[in-house]
Number of protein chains: 2
Amino acid sequence: MKVSIVDDNELMRENIAKRISATNDIQVVGVFADGQYLLDYLETCNSEDLPDVILMDIEMPTNGIYTTGIVKSKFTSIDIIMLTVFDDDNTIYEAIKAGALGYLLKEEPSETIIKAIQDIKNGGSIISPSIARKIIRFVATPEQSKKSKPAENPLTKREVEILGLISNGHTNPQIAEKLFISYETVRKHVRNIYEKLQVSNRTSAAKRAIDNRWLPE
Amino acid sequence: MKVSIVDDNELMRENIAKRISATNDIQVVGVFADGQYLLDYLETCNSEDLPDVILMDIEMPTNGIYTTGIVKSKFTSIDIIMLTVFDDDNTIYEAIKAGALGYLLKEEPSETIIKAIQDIKNGGSIISPSIARKIIRFVATPEQSKKSKPAENPLTKREVEILGLISNGHTNPQIAEKLFISYETVRKHVRNIYEKLQVSNRTSAAKRAIDNRWLPE
DNA sequence: GACACAATACTCCAATTGAGGTATTTTAGG
DNA sequence: CCTAAAATACCTCAATTGGAGTATTGTGTC
């Protein structure tokens with residue numbers, strides 16, 4: 001299996017290369033100090049010479065996340081494992097979005113890196129435990145709480161109900177019919193809604209309701 | 001470290017118990033055939049006797065995902081590792097949502113299970129490689145493509161611009177002023193929008209625009 | 001340069017909406 | 001039981017909106 005390594009620290013990349021090439025089914029076919037050097041190299045490669053797996057550092061002039069995105073878009077068969085010291089949520093998230101299939105901290109022992117390379121071509125992903133925990137937390141976080149917290153809803157139950165119908169594009173006569181109340185009553189509710197929300201038309205009110213997730217899905 | 005095991009297969013749970021209790025910092029303090037039995041046990045426990053970690057199977061009368069949710073809500077200090085044969089996306093996702101911090105397939109060797117138990121109290125998570133791959137794919141999937149694909153946008157650039165202002169609650173006179181065009185022209189655009197979208201009021205039009213993500217964020 | 005389409009602008013009419021009231025009946029809590 | 005809030009209902013007037021036209025001026029493409 002052909003593996004390339006990208007890391008701006010010379011000692012580190014040579015060290016990793018030596019450690020993993022001791023395994024007989026792994027062959028290091030390229031060691032680069034920057035993402036751009038890797039990209040240049042890949043462009044010159046015959047497809048049969050392309051690496052199967054790339055171990056990618058992040059902090060480089062042409063950074064590893066950007067490089068990962070380019071590699072995955074141009075060479076879909078190459079799998080990428082991030083090998084870095086970064087463990088903040090955003091870096092992890094961006095790396096995965098860019099297409100990384102594994103994420104290891106540099107502190108991992110050689111056997112783990114080697115297992116990651118082998119597993120990745122088998123459809124598996126190896127992730128350092130502390131990184132895995134952060135990814136799990138990310139998945140467990142409800143969609144809406146990732147965004148800003150909604151404002152408190154000052155409306156009554158009936159008002160929310162009517163605002164929901166407004167948001168769906170219903171007119172006042174349609175709402176009256178649907179709720180079995182008079183047209184004038186609907187209008188009164190609507191005006192009360194406007195006053196509470198400090199708006200003066202139904203589209204603004206609908207926007208507030210949607211933005212704040214006041215309406216049931 | 002105190003570990004409990006929940007699995008409806010007697011052979012399996014005894015087997016796991018024997019394998020992990022060979023490690024001297026792990027002590028099996030409860031083995032249950034169903035989630036409900038575990039919950040009953042936890043209720044009777046003094047807090048100092050509660051397990052630190054639970055290995056949880058999924059397929060049981062009181063299923064493991066439900067049980068996980070209850071345990072995490074009542075006993076926040078207990079960490080839960082799923083130990084199961086299920087590897088479908090939805091089961092994994094639901095387990096994580098319920099609060100599982102680790103996810104292992106039953107095929108994993110004893111050392112991996114033991115390492116998972118030790119790591120979890122250290123702030124790490126161990127996930128079987130094939131499961132990890134699926135979680136990574138999940139995180140990498142763009143938010144919107146998890147939902148239905150948006151319809152093709154039949155509107156012109158100017159129409160989209162105006163629909164955007166409508167969606168923000170602007171009136172036609174306000175839009176006219178903002179775009180330096182006449183009020184009557186705005187109304188013409190708006191009517192063209194309605195015709196193309198087959199709607200007859202601005203709130204419906206705004207809803208379509210938002211639902212289909214036609215507007216820039 | 002011809003042609004389609006987008007963008008601009010206007011008129012007229014009817015329906016809906018927004019803003020200001022008042023008033024009665026339910027509902028929920030103390 | 002009493003009271004406050006919510007829900008109901010109605011009136012009036014002005015502004016905005018929606019629907020139906022017509023017409024002129026870019027703009028880009030073949």
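So you know, we letter chains A, B, ... as the sequences are listed, proteins then strands, and number each from 1.
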Would you kindly give the CG-to-P distance between B:Asn192 and D:dA23, to the nearest whole Å? 17 Å
A:Arg202 side-chain N/O to D:dT17 phosphate OP1/OP2 under 4.0 Å: no
Rounded to the nearest 0.5 Å, what's the gap from CD1 on B:Ile127 to CD1 on B:Ile96? Could you check? 6.5 Å
In whole angstroms, how far is the C1' atom of C:dA19 from the NZ atom of A:Lys188? 10 Å
Taking atom P of C:dC5 as reference, at what distance in whole Å does atom NZ of B:Lys196 sit? 10 Å
In whole angstrom, give the distance that lies between atom CD of B:Glu195 and atom C1' of D:dG19. 10 Å
Kindly determine whether B:Arg13 and B:Asp57 satisfy salt bridge (Lys or Arg N to Asp or Glu O under 4.0 Å), including the steps that lead there. CA-CA 9 Å; B:Arg13 63 178 183 266; B:Asp57 188 24; over 6 Å; no
Heavy-atom count around B:Glu177 CD within 6.0 Å, excluding the residue itself: above 12? no
If you look at every strand shown and take non-hydrogen atoms under 4.0 Å, does B:Arg191 touch a base, only sugar-phosphate, or nothing? base
Looking only at heavy atoms, which two atoms of A:Thr68 and A:Gly64 are closest? And how far apart? OG1-O, 2.6 Å
Nearest-Å distance, NZ (A:Lys157) to P (D:dT8)? 11 Å
Do any side-chain nitrogens or oxygens of B:Tyr194 fall under 4.0 Å of OP1 or OP2 in D:dG19? no
OH of B:Tyr183 versus C1' of C:dA9: gap in Å, rounded? 13 Å
Contact class for B:Asn201 (heavy atom, under 4.0 Å): base, sugar-phosphate, or nothing? sugar-phosphate
Hey, which of these two, B:Ile162 or A:Thr203, hits DNA chain C nearer its 5' end, going by closest nucleotide? B:Ile162
Nearest heavy atoms of A:Asp87 and A:Lys134, plus distance in Å: O-NZ, 2.6 Å
How would you label the contact of B:Ser200 with the nucleic acid (heavy atoms, under 4.0 Å): base, sugar-phosphate, or nothing? sugar-phosphate
For B:Leu163 and C:dA6, what is the distance between atoms CG and P respectively, to the nearest whole Å? 16 Å
Classify the nucleic acid contact of A:Thr185 as base, sugar-phosphate or nothing, counting any heavy atom under 4.0 Å across all strands shown. base
Closest nucleotide among C:dA19, D:dG18, C:dA7 to the B:Arg187 side chain: D:dG18
State whether A:Thr156 places a side-chain N or O below 4.0 Å from either non-bridging phosphate oxygen (OP1 or OP2) of D:dA7. yes
Please confirm whether the backbone N or O of A:Trp214 pairs with a side-chain atom of A:Asn212, one donor and one acceptor, at under 3.5 Å? no
side-chain N/O A:Thr171 vs C:dA15 OP1/OP2, d < 4.0 Å: no
Given D:dT16, D:dA9, D:dG18, the nucleotide with the shortest approach to the side chain of A:Ile181: D:dA9
With respect to the phosphate group of C:dT17, does any side-chain polar atom (N or O) of A:Asn172 fall under 4.0 Å of OP1 or OP2? yes
Tell me whether the OP1 or OP2 atom of C:dT8 has a side-chain N or O from B:Arg158 closer than 4.0 Å. yes
Given atom CD of A:Glu184 and atom P of C:dG18, what is their separation to the nearest angstrom? 14 Å
